[in-house]
Undergrad: 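Questions regarding the structure given below will be posed in turn.
None of these values were measured; they are calculated from a predicted model.
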Amino acid sequence: MHALLVTLLVIVCIALIAVVLLQSGRSAGLSGAITGGAEQLFGKQKARGIDAVLHRVTIVLAVLFFVLTIAVTYFQL
C-alpha cells in the first residue's frame with residue numbers, strides 16, 4: 001500500500017510541476033511589476049480556453065498532492 005501511494009505521489013508531483021510551468025505568467029514585463037496585481041483584481045477579463053483548464057487542473061493536482069502526502073505519512077507506520 002505504501003509503495004503504491006508513493007508511486008502515485010511522485011506521478012502527481014511531476015504532473016503538478018509540468019502544469020504550473022505550462023501556465024502563462026499573470027503579469028509580464030515591467031508593466032506588471034509597476035501595476036502589481038491591480039489589473040487582475042479590477043480587470044473584467046476572465047481566463048478562457050487553455051488557461052482556465054490549466055488553472056482547474058492545478059487545483060485538482062494540488063488537492064491530490066496534499067491528500068496523498070497525508071496518506072503516505074499515515075500508512076508509513
Undergrad: Tell me which donor-acceptor pairs under 3.5 Å the side chains of residues 59-77 have, and how far apart each pair is, sequence neighbours excluded?
TA:
| from | atom 1 | to | atom 2 | distance (Å) |
| --- | --- | --- | --- | --- |
| Thr69 | OG1 | Phe65 | O | 2.6 |
| Thr73 | OG1 | Thr69 | O | 2.9 |

Undergrad: Grouping I, L, V, M, F, W and Y whenever their side-chain heavy atoms are under 4.5 Å apart, do Val57 and Ile50 come out in a common cluster?
TA: yes
Undergrad: Quick one: do Val53 and Val12 end up in the same hydrophobic cluster if we chain Ile, Leu, Val, Met, Phe, Trp and Tyr together by side-chain heavy atoms under 4.5 Å apart?
TA: yes
Undergrad: Tell me, do Val19 and Gln23 make a side-chain contact under 4.5 Å, heavy atoms counted?
TA: yes
Undergrad: At what distance, to the nearest 0.5 angstrom, does CD1 of Ile14 lie from CG of Leu9?
TA: 10.0 Å
